[in-house]
Amino acid sequence: DDLRILMGSDRYKLNRRKHEFDRVTRIGIGPSDFKYEDVIIFHEEAIDWDSWESDAVKMCDLAYKNCEVGNGKSGTLSQAAIKIKEYVQSTANKLQRKHSQEIELDDFRFRFDSLVDDNNGACVQGFWRKSPFPKRNYETLSSYVICDGLDDNDICSAKHELVTTMDDRFVGIPYNFSDVGLSESWMKVVGGTVNYKETSEVAAAINSDGGVIKAQVMNTIDRLLIEVQDKCMTEFGVLKQKELKVGNYEKSSCCSELVDTPDVTEQPVWGIDCFVRKNIMEMLCRDCFGTVAPVFLKKWLLPAINACPTDYAHDIKCAARILQGLPPKKDNTNTAGPQEFTLLGEAFSKKVKRGPKWLSEAGSLLEKTAEALGFSAFRVHPKGHGAIVVREEGIRANNLVTFYTGEVYPAWRWVEKLDAIEQTQKMV
């Protein structure tokens, strides 16, 4: 009876509009002029289950105190009060979860249902592949090898090409050479200072699309690029460093760390198309995350997708849960551990803990929106296999990743191979 009286007095009425306004204000990255009236919500009121459960438990505790005889033993009034209290708590929790989920789904459909209708971005058509592409088998080379099909003399000649007395350094075109002066007369022709009719006509045709300017800019960029390469590889001693340690994602066993913790690993990689990207950006902008939407997408969401186990990396809700610091699968109530992730996930989960305050809220928004709109609005697609950095601090500037090794071809043999490829392509 007391609960009925309290319910009639609107004690258990929850103002969800105020709750949403407080959420946006707490995050602190929304529009500066955001007002209470700007809140878009479908169900403005709901039941305050926390207050209802608190009052019901207090009543049960009071009933237990008034009938302490029996100390909770079987068949006593105190035991009946304990059972009623446990039943009230269990029922309240179940109803709260169901009621909150239904209201949230209605709200998110009301706010974001038009995302798909208003989106004209390109998307992957046809069958949605939810499993990674098979790994391509290839031979790992630890040093240069001589190509097949050579006689002993050619093999010796090819090996001799690898012998050098020079120190390990970058050898390129001398970047202090500039041919800008060589083209000065050509520039004068374009400028009209030289009156050669045919030459001027050709120059004018080239200059009409910025050909001369483009050539000069590209020449400058090439020289600067070579200068940077020389400085990094020679002056900073990059080539004298050790290569990064490479691991295999398949070796990550349950609850056991690798003996040799890798810096880089090869694993299946996943991505999203333009259609999904636009849905996510628009979703964030319609909420309060418009200013951080590009950062969330590039720096956090894409790594989170590739941190998911391959069995359910296609489900964007798993990535959203990782961004909240939760296990990828919703039915797993344990704390996310190494067995839940790829090697990237082990490092990325630590990075999430140090992430910005708004990250968890943005992940929660994405999870609930994907739940409301369904898979079709947020499909994740496999892209093949790729190299992923798993070192927590990343790869610093001027650090050696790996040496380029491969097959050694004599010049004439390489030309023969190119000709053979060209002829084969023509026949096909």
Side-chain angles (χ1 to χ4, degrees), residues 19-32 34 39-41 100-101 104-105 107-108 111-112 115 267 269-272 276-309 312-373 377-380 388-395:
H19 184 270
E20 180 67 13
F21 178 78
D22 293 340
R23 182 188 72 89
V24 175
T25 305
R26 184 182 70 254
I27 295 173
I29 59 174
S32 57
F34 185 76
V39 176
I40 300 176
I41 199 167
S100 299
Q101 184 179 19
E104 281 185 345
L105 287 177
D107 282 339
F108 278 87
R111 294 171 60 190
F112 302 119
L115 284 179
Q267 69 168 59
V269 290
W270 304 74
I272 56 177
V276 174
R277 178 188 178 90
K278 189 172 181 179
N279 280 340
I280 295 174
M281 293 290 289
E282 182 65 22
M283 174 201 71
L284 295 172
C285 292
R286 289 190 186 183
D287 201 82
C288 62
F289 301 98
T291 57
V292 297
V295 176
F296 172 80
L297 190 65
K298 296 179 181 178
K299 185 177 180 180
W300 295 103
L301 180 58
L302 294 180
I305 290 174
N306 288 286
C308 295
Y312 36 90
H314 65 279
D315 187 353
I316 203 169
K317 296 195 297 295
C318 295
R321 290 180 59 80
I322 290 178
L323 294 176
Q324 300 173 66
L326 302 173
K329 291 296 288 183
K330 195 170 184 177
D331 55 357
N332 188 349
T333 57
N334 299 324
T335 303
Q339 70 275 12
E340 294 290 344
F341 303 110
T342 60
L343 285 176
L344 169 63
E346 298 175 26
F348 186 73
S349 60
K350 299 176 183 178
K351 182 179 178 180
V352 168
K353 296 178 181 179
R354 304 189 299 267
K357 296 180 180 179
W358 52 262
L359 182 60
S360 177
E361 294 284 351
S364 176
L365 175 69
L366 176 58
E367 181 186 10
K368 293 175 181 177
T369 306
E371 183 72 28
L373 301 186
F378 299 98
R379 290 184 176 183
V380 179
I388 304 293
V389 179
V390 296
R391 184 195 285 182
E392 287 189 42
E393 63 273 18
I395 301 177

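Position 1 is the first residue of the sequence, and the numbers go up from there.
Nearest heavy atom pair, residue L344 against residue A307, reads CD2-N, 4.0 Å. Taking each heavy atom of G363 and A320 in turn, the nearest pair found is O-CB, 3.3 Å. Nearest heavy-atom pair, A370 versus I316, reported as atom, atom and distance to 0.1 Å: CB-CG2, 4.0 Å. The two atoms that bring C318 and Y312 nearest to each other are SG-CD1, 3.5 Å, heavy atoms only.
Using a 4.5 Å heavy-atom threshold, the side chains of P294 and K299 count as separate. You'll find the side chain of F112 reaches within 4.5 Å of the side chain of L365, heavy atoms only. In this structure, F108 and E371 have side chains that are not in contact, with every pair of non-hydrogen atoms separated by 4.5 Å or more. Between I280 and I272 the shortest side-chain heavy-atom distance falls below 4.5 Å. Residues W270 and C308 fail the side-chain proximity criterion, which asks for heavy atoms closer than 4.5 Å. Within the 4.5 Å cutoff, side-chain heavy atoms of K351 are placed close to those of W300. Inter-residue side-chain proximity for E367 and L323 is flagged as unmet; no heavy-atom pair is nearer than 4.5 Å. Two residues are said to be in side-chain contact when any heavy atoms from C-beta on lie closer than 4.5 Å; L115 and R286 meet this criterion.
Between the CG atom of L297 and the CG atom of L302 there is a distance of 5.5 Å, given to the nearest 0.5 Å. Atom OG1 of T369 is separated from atom CD of E104 by 10.0 Å, given to the nearest 0.5 angstrom. A distance of 8.5 Å separates CD in Q324 from CD in E361, rounded to the nearest 0.5 Å. Separation of atoms NZ (K317) and NZ (K329) is listed at 8.0 Å; rounding is to 0.5 Å. To the nearest 0.5 Å, atoms CG (N279) and CZ (R379) are separated by 12.0 Å. Interatomic distance, CG of L359 versus CD1 of I322, reported as 11.5 Å (0.5 Å rounding).
Not a single donor-acceptor pair under 3.5 Å links the side chain of D287 to the backbone N or O of M283. With S349 contributing its side chain and G345 its backbone, the two residues share a donor-acceptor pair below 3.5 Å.
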Working note: N306 + F348, criterion side-chain contact (heavy atoms from CB on, under 4.5 Å); need CA distance, chi angles, decisive distance, verdict. CA-CA 10 Å; N306 288 286; F348 186 73; over 6 Å; no
